[in-house]
J.: 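Next up is a structure, given as structure tokens.
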2 protein chains.
Amino acid sequence: MSRPTIADVAAEAGVSKTTVSHALTGQGRVKEETTRRVLDAAERLGYRPNMMARGLRTARTRLLAIANSVPAVVADGAGALSYYMTVAGSAARTALRSGYATILIPPDAAPGIFSDIAIDGAIILDPQTADPFLAALRKRHVPFVTIGREPGALGAGWCVDSDMIDATTRLLDHFALGGSCRPALILTEEQRSYSTDARLAYERWVAQRGLPPVVVTAHEKRAEKGGHAAMSRLLAAHPQVNAVFVPLDPFATGALHALAEAGRRVPQDMQVATLDGVRAQFSVPALTAVSDDMEAFARCAVELLLEQLADPAATPRGVTMQSRIVVRDTTLAAAATG
Amino acid sequence: MSRPTIADVAAEAGVSKTTVSHALTGQGRVKEETTRRVLDAAERLGYRPNMMARGLRTARTRLLAIANSVPAVVADGAGALSYYMTVAGSAARTALRSGYATILIPPDAAPGIFSDIAIDGAIILDPQTADPFLAALRKRHVPFVTIGREPGALGAGWCVDSDMIDATTRLLDHFALGGSCRPALILTEEQRSYSTDARLAYERWVAQRGLPPVVVTAHEKRAEKGGHAAMSRLLAAHPQVNAVFVPLDPFATGALHALAEAGRRVPQDMQVATLDGVRAQFSVPALTAVSDDMEAFARCAVELLLEQLADPAATPRGVTMQSRIVVRDTTLAAAATG
DNA sequence: AGCGTTTGCCAAATCGTTTTGGCTGGAATG
DNA sequence: CATTCCAGCCAAAACGATTTGGCAAACGCT
């Protein structure tokens, strides 16, 4: 026989389809003993509700989507977006516990994708200003949670975020531990909340010390090349700079190459730090980095999304997480302690 | 108004629902001009077919799943399974082109998952002997394609695979380029096709040269520790060995540590190679590796799966891909050429 | 003209759930 | 005793697509 339906269970248990549905979903009023009989029958037949039928009736798919707004900077292929995997996997696991499956939106997919797939909600990584993915979701009235805030958004949205202002400040303090410090910042042209926050904290920090702000940018798609070029320009224009925060990790490794070519020693002549990931970990020298627990981000994002699905009228809630600074080879305090 | 249905389009175009359905899906007979009118109406209303309704009727979800049979060997957290992301992302992209969305099965999920989600097909990475995921899929009659063969399976199944016998042979030849060579093999206890193939090729290679086979194994879950322990045992028991193929990359980095502790120079005293990935690339010294185009694997797997979905009665087809050997710091030919 | 075939369209059935509205019979209330 | 209420169950109506079977009109052939 093909897959048993609710009608088969009803026949087996000697009740109506309505009662089976109620017994299984906990709706309506069903005598305890009847419920047990239904559950038994369902078990015996190996009954599984048909998701399509259920979805049709309830207008819910029990599917979430996860997408990365950051394009796959395929500088050297593998692992460029490995943190995306970490997040996606963790989100999928968390969602599954609540009975939701997670659709993986491939890197670099067009935002139009969201009008073709049927989902109850979405998680978007690192949205940028006026993010096209978020626009598409809003248009379709699909609830979403962002990891990282949408910079320049009007009201606060559902999001989970790291405290990048605090982290940047602590990082600059860490730079300064190595002695007198003239820090610079290498950012992406694209505005994502981590970069705007880093800029804010940086400008505040240098202003307090009466230092001139030095910020160089490149388009994120240029990846390693962009970081290399930015660092070269920086060295030429601001020779006094002796520490640099380069959040985007392909930029950071590109910057390391530029420094090597220019004959600058790291960290003696130039301290370098980035956001954590496989690149930072495995690069030689290993990069000091601002590190976030991406798995926790993902878990939290799913929880917020489910909260929102349960009550679409709830007021948006954000969660902020503390980052750690992982000291490796590219900053002076490392040499001092290690 | 809420989302338009096929009935709205029918009204707008002045035809029946049947005709709309036929015009949109290309079924049945519809006059060219009528089709155009329907398409126009659908466009004007922004009509999107309801996936749940369609799925209910056709018993197809247009969802695929991708899962990794290899547990997340979370030796040092991030990036341990970054190749899984590469594959999953590439598969998702390919599937999307044919109108399928891809569900990400989180690492370490229980095989029982497949009785709770509604999918048309699945892609399973690196199945092991008597793989529980494949068992679950077979039980539910869900078509699947494996990346890597299921070792010890009776008939041939739908799969895409690398020619690991050839690659291993070439790798051993590469080892031998550095002079007289006594190679060993460090494998996982778990049998996946790449490991059984590597063993086969290795045993053949040493037999041809009248050398004794040296194979050491560890449980894959032990990750770096396992590789470390295996290498230590190898050094103690077989001091004459001067080259080792360690397919599982966490094992390989673990082995490198053991070698460093034992004061053996790499590659002078011991050549080392592994399967490619971020670890191999970024490890210091960088590991010579057998490298596969995982994105191509994924594309191919999706194509095979769609082929199978189009004709479930088709005889299973396998595709074999050629691997490259990427020479880095841990083999002697590298020193010779670089 | 008469007959069979093809073309173009449609009404109704169908997929497997949930939900609505109603029906029973016994307990509680007056 | 009559009335109201409620627990416990059910038949039928959704949900929005595809598919089946059929009906006219147009066409081709003798």
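Keep in mind it's a predicted model, so treat the numbers as computed, not measured. Order of the sequence lines fixes the chain letters, A, B, ..., with proteins taken first and strands second; residue numbering starts at 1 for each chain.
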J.: When the distance from CD of A:E32 to P of D:dC9 is rounded to whole Å, what number comes out?
T.: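 To the nearest whole Å, that distance equals 12 Å.
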
J.: Hey, is the main chain of A:C159 close enough, under 3.5 Å, to the side chain of A:R149 for a donor-acceptor pair?
T.: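 No, the answer is negative, given that no donor and acceptor are paired below the 3.5 Å cut-off.
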
J.: How long is the span from the CG atom in A:L64 to the CZ atom in A:R62, to the nearest 0.5 Å?
T.: 9.0 Å

J.: Can you see whether B:T19 engages B:S16 through a side-chain donor-acceptor pair at a distance of less than 3.5 angstrom?
T.: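 Yes.
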
J.: Given 3.5 Å as the limit, does a donor-acceptor pair link the side chain of B:D292 with the main chain of B:M294, or not?
T.: no

J.: Any side-chain N or O of A:T34 under 4.0 Å from OP1/OP2 of D:dC9?
T.: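 Answer is yes, contact under 4.0 Å.
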
J.: Could you work out, with side chain to side chain contact (heavy atoms under 4.5 Å, CB included) as the rule, every residue matching B:D293, not counting sequence neighbours?
T.: B:E295, B:A296, B:R299

J.: Is there a donor-acceptor pair closer than 3.5 Å between any side-chain N or O of B:D120 and the backbone N or O of B:T61?
T.: yes

J.: Return yes if some donor-acceptor pair links the side-chain N/O of B:E150 with the main-chain N/O of B:D131 below 3.5 Å, else return no.
T.: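 Looks like yes, one N/O pair under 3.5 Å.
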
J.: Quick one, give me the B/S/- string for nucleotides 16-27 of chain D, reading 5' to 3', where B means a protein heavy atom under 4.0 Å from the base and S means that only happens at the primed atoms, P, OP1 or OP2.
T.: BBBBB-------

J.: For the backbone of A:E220 and the side chain of A:T188, can you confirm whether one donor and one acceptor N or O come within less than 3.5 Å of each other?
T.: no

J.: What is the first contacted nucleotide of DNA chain C and what is the last, in 5' to 3' order, if contact means an atom lying under 4.0 angstrom from a heavy atom of chain A?
T.: C:dG16 to C:dT20

